[in-house]
Amino acid sequence: MHLFHYQSKLNKHSFKMKLHMNKPRNILRKEDCEAIAKLLDSGFSIKDALVVLKEKENEKAFDEIMNRLNDGESLHAFFYLYCPKSYVVLFESMSQCMPFLDSLLTCIEMHRAIEKSQKQIIDGMLYPSLLFLGMIVGMYLFNALILPNMITLLMGFQVETDHLLVMHEAIQWIAEFLLWGTVLLFLIVMTALEKKHIVNTYCFVAKRFPDSILVHSVSAMFARFFLECLKRNVSTQNTLHILSQVKQQPCVSYIAKEIDEHLMRGETLIEAIQKTHIEKALLRFLKIAVFSSSSEEMLEGYLHMVEIRKQQAIKRYSTYIQLISYSMIAIVLIFVYQILMMPMTMLQNL
C-alpha cells in the first residue's frame, strides 16, 4: 500500500513535468471529447473518429493528434494533453487504472454529474434569491427616497404623522438589517466555500450539522464518482486513488484520502467508511453494498433518493423565500395605500 502511494506521487510529479513541457497550443472542446468517446464506444478506431469529426474549430488539434499517432505515439500517453483543463488531472489519474476509453467515458460522466448538479441548484434557487434581494433593495430605496416625501406631503395637510415616522424608522431598520445581513451572509458563504477553505468548512459542518445540504451534496458527489469507477470494474484501492486526485471537488478528494488512510492502518472497508465524514444514509447504503452482489444498483438507488431529496429541498427554499418576499411587498403596498388614503379621509371629515 505504501509502495502504491509512493509510486503515485512519482507518477504525479512526472505527469506535471510532461504537462508543462509538452502542453499543446490547441485544446479540444468538451463536445469534441464526448463525440470521440461515443464513436470509440461504437467501434470506430481513433483515426476514423478524428476523420469523421474533423471541422474548422478542432482541425488544428485533430491534425496534431493524427500526426502523433502516425509517428507511433500511444494515444494513452498524450491524449490528456489535448483535453480541457477540467479533465486533465482526473483523466491522468484514471488512465493509470483503466483503459483509455473507460478513462475518457468516466471523466465525461463525472463532469456531466457536476454540471447537472450545479445547474439544478442555480435554476431552482436563482429566481427566489433575486426576488428576495430585489425586495430588500426596493424597501431600502422606497424608505430612503419616496416615503419621506409622502410624509412631508401629509404634513402639509395637517395630518398626524408621528406613527408614520415610527413606521419609517422601523422599515429603515428592517431594510438595513436584511440588506447588510444578506451581504454579510453572502461573503461568509463565499469565503467558506473557497477551495482553500471548503474542506475545513465541510469538516466543521459535518460534525455539527450532519444532515445539512452541504454534507448531502458532497456525499452524493462522492457516491456518483465511486459508482462511475465501480461500473468499470476498478478496484476499491484504485478508485480511492483516483478520487483523491479530483481537485475540482476538494471534499470528495478529502473523503477518499480519509478512507484510504484508515485502510492503510489495517482497518476494514466498513470500519474506514464509518469513520469518515459522510451522511448516515450513504453510510447505510455502502454497508449493504459491500456485502451485496448488486452494489451498482444500491448506489444508484441512493443517488435517486438524493435527487428527490434535492428537488424537495430546492422547492422548500423557493417557497419560503417567495412567501417572505411577497409578504413584505404586500405589507409595504398596504402601508402606501393607507398613506394615500389619509388625505381623502381627512377631506371627507371636513
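Excluded from the calculations below are hydrogen atoms, water molecules and symmetry mates; all remaining heavy atoms, backbone and side chain alike, are included.
To the nearest 0.5 Å, atoms CG (Leu141) and CG (Leu147) are separated by 12.5 Å. For the atom pair CD of Gln312 and CD1 of Ile314, the computed distance is 11.0 Å after rounding to the nearest 0.5 Å. Distance check: Leu303 CG to Arg309 CZ gives 10.5 Å after rounding to the nearest 0.5 Å. Of the inter-residue distances, the one linking Phe226 atom CZ with Thr236 atom OG1 reads 4.5 Å to the nearest 0.5 angstrom. Distance CE/Met190 to CG/Leu185: 11.5 Å, rounded to 0.5 Å. In this structure, CG on Leu101 lies 5.5 Å from CG on Leu40, to the nearest 0.5 angstrom.
Judged by distance alone, the side chain of Asp48 and the main-chain N or O of Phe44 form no donor-acceptor pair under 3.5 Å. Looking at Ser219, its side chain never comes within 3.5 Å of a backbone N or O of His216 through a donor-acceptor pair. Side-chain atoms of Asn58 come within 3.5 Å of backbone atoms of Leu53 as a donor-acceptor pair (strictly under, hydrogens ignored). Listed for the Thr191 side chain is a donor-acceptor partner under 3.5 Å among the backbone atoms of Leu187. Ser244 contributes no side-chain N or O that, together with a main-chain N or O of Ala256, makes up a donor-acceptor pair within less than 3.5 Å. Ser117 contributes no side-chain N or O that, together with a main-chain N or O of Ile114, makes up a donor-acceptor pair within less than 3.5 Å.
Proximity of Leu299 to Leu286: side-chain heavy atoms (C-beta onward) are separated by under 4.5 Å at one or more points. Looking only at side-chain heavy atoms (C-beta outward), Cys229 and Ile242 come within less than 4.5 Å of each other. For the pair Asp32 and Arg29, the minimum side-chain heavy-atom distance is below 4.5 Å. Looking at Arg224 and Leu227, their side chains come closer than 4.5 Å, going by heavy atoms from C-beta outward. A 4.5 Å side-chain heavy-atom check between Ile198 and Cys251 finds at least one atom pair inside the cut-off. A 4.5 Å side-chain heavy-atom check between Phe79 and Leu28 finds at least one atom pair inside the cut-off. Taking 4.5 Å as the limit, some side-chain heavy atom of Leu50 sits within range of a side-chain heavy atom of Leu69. Counting heavy atoms from C-beta outward, Lys30 and Glu115 have side chains that approach closer than 4.5 Å.
Remark: Gln322 pairs with Ser318 by the side-chain hydrogen bond (donor to acceptor under 3.5 Å, both in side chains) rule, at least two apart or across chains.
The number of heavy atoms from other shown groups lying within 6.0 Å of CE (Met167) does not exceed 12. Other residues, nucleotides and ligands contribute more than 12 heavy atoms inside 6.0 Å of the CZ atom of Phe78.
For the 3.5 Å distance criterion, the side chains of Gln249 and Tyr254 fail to qualify, holding no donor opposite an acceptor. Tyr317 and Ser129 form a side-chain donor-acceptor contact under 3.5 Å, judged by distance and modelled atom types alone. Judged purely by distance below 3.5 Å, without hydrogens or angles, the side chains of Asn149 and Thr152 never pair a donor atom with an acceptor atom. Checked by atom type, the side-chain pair Glu271/His262 shows no donor-acceptor distance below 3.5 Å. Of the N and O atoms on the side chains of Asp260 and His241, not one donor lies less than 3.5 Å from an acceptor on the other residue.
Criterion: ILVMFWY side-chain heavy atoms under 4.5 Å apart, direct or through other members. Under it, Met305 and Val215 are part of a common hydrophobic cluster. The hydrophobic clustering, which links ILVMFWY residues whose side-chain heavy atoms are closer than 4.5 Å, places Phe186 and Tyr140 apart. The cluster map of Ile, Leu, Val, Met, Phe, Trp and Tyr, joined by side-chain heavy atoms under 4.5 Å apart, puts Met135 and Leu126 in different clusters. Met66 and Leu39 end up in the same hydrophobic cluster when Ile, Leu, Val, Met, Phe, Trp and Tyr side chains are linked at under 4.5 Å. Clustering ILVMFWY residues whenever any of their side-chain heavy atoms sit less than 4.5 angstrom apart, transitively, puts Trp180 in a cluster other than the one holding Ile136.
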Exercise for the section: Under the side-chain contact (heavy atoms from CB on, under 4.5 Å) rule, what do Ile331 and Tyr326 come out as? Steps first, then yes or no, please. Expected result: CA-CA 9 Å; Ile331 291 172; Tyr326 288 133; over 6 Å; no
Problem - Evaluation steps, salt bridge (Lys or Arg N to Asp or Glu O under 4.0 Å), between Glu34 and Lys38 - result: CA-CA 6 Å; Glu34 292 175 4; Lys38 286 181 180 178; 5.6 Å; no
Practice task
Given side-chain contact (heavy atoms from CB on, under 4.5 Å), test Ile255 with Tyr202 step by step and report yes or no.
Solution key: CA-CA 10 Å; Ile255 292 173; Tyr202 177 75; 3.8 Å; yes
Practice task
Check step by step if side-chain contact (heavy atoms from CB on, under 4.5 Å) holds for Leu240 and Glu261.
Solution key: CA-CA 10 Å; Leu240 294 174; Glu261 286 175 2; over 6 Å; no
Handout entry: Glu279/Tyr302 under side-chain hydrogen bond (donor to acceptor under 3.5 Å, both in side chains): CA gap, chis, key distance, verdict
Key = CA-CA 11 Å; Glu279 72 156 319; Tyr302 166 76; 2.6 Å; yes
Practice task
Just do the salt bridge (Lys or Arg N to Asp or Glu O under 4.0 Å) check on Lys56 and Glu59 with the steps written out, would you?
Solution key: CA-CA 5 Å; Lys56 184 177 180 180; Glu59 182 178 4; over 6 Å; no
Handout entry: Chi angles and distances behind the salt bridge (Lys or Arg N to Asp or Glu O under 4.0 Å) call for Lys231, Asp102
Key = CA-CA 10 Å; Lys231 286 179 178 179; Asp102 285 344; over 6 Å; no
Exercise for the section: Apply side-chain contact (heavy atoms from CB on, under 4.5 Å) to Ile108 and Arg112, showing your working. Expected result: CA-CA 6 Å; Ile108 291 170; Arg112 280 179 180 170; 3.7 Å; yes
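When all heavy atoms are compared, the tightest approach of Leu230 to Ser295 is CD2-CB, 3.7 Å. A pairwise comparison of heavy atoms in Met139 and Ile174 identifies CE-CG2, 4.2 Å as the closest pair. Among all heavy-atom pairs drawn from Phe132 and Ile321, the shortest one is CB-CG2, 3.6 Å. Closest approach of Leu105 and Ala37 over heavy atoms only: CD2-CB, 3.7 Å. Looking at every heavy atom in both residues, Ser103 comes nearest to Met98 through OG-CG, 3.1 Å.
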